[in-house]
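Right, one structure below, let's go through it.
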Amino acid sequence: MTRDMLRQVSIVACLAGLATAAVFFVATFNGTPTPQWMPMLIAMVGGFELVQWGQGLWFARSRRRS
């Protein structure tokens, strides 16, 4: 997978995670029942983005040292 492709996947995942989180919080605020998988999906997308961010920092730091 190329770096540009991975960046695009990261952007789509981020937007999908934000949209899911917004729907979850609005539904919770209104008292509408939400599916049990929704908070888990938000956490999974957040974890993916956190790993991508951490790897970016790690690889940038590794390139600086070399």
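In this text the structure is predicted, and so the values were computed from the model without any measurement.
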- Task: Report whether Val45 and Phe48 are members of the same hydrophobic cluster (ILVMFWY, side-chain heavy atoms less than 4.5 Å apart, transitive linking).
- Result: no
- Message: With heavy-atom distances below 4.5 Å as the criterion, would you say the side chains of Val9 and Gln52 are in contact?
- Response: no
- How does the hydrophobic cluster around Val12 look, that is, which other residues are in it when side-chain heavy atoms under 4.5 Å mark a link? none
- Query: If you group Ile, Leu, Val, Met, Phe, Trp and Tyr whenever their side-chain heavy atoms sit less than 4.5 Å apart, what else falls in with Leu57?
  - Reply: Leu50, Trp53
- Could you list the residues that satisfy side-chain contact (heavy atoms from CB on, under 4.5 Å) with Trp58, not counting sequence neighbours? Ser62
- Quick one: list whatever passes side-chain contact (heavy atoms from CB on, under 4.5 Å) with Ala27, sequence neighbours left out. Thr32, Thr34
- Any residue meeting side-chain contact (heavy atoms from CB on, under 4.5 Å) with Pro33, in chain and number order, not counting sequence neighbours: none
- Task: For residues 4-29, pull every pair meeting side-chain hydrogen bond (donor to acceptor under 3.5 Å, both in side chains), keeping only residues two or more places apart or in separate chains.
- Result: Ser10-Glu49
- Task: Please list, chain by chain and in numerical order, all residues satisfying side-chain contact (heavy atoms from CB on, under 4.5 Å) with Phe25, sequence neighbours excluded.
- Result: Ala21
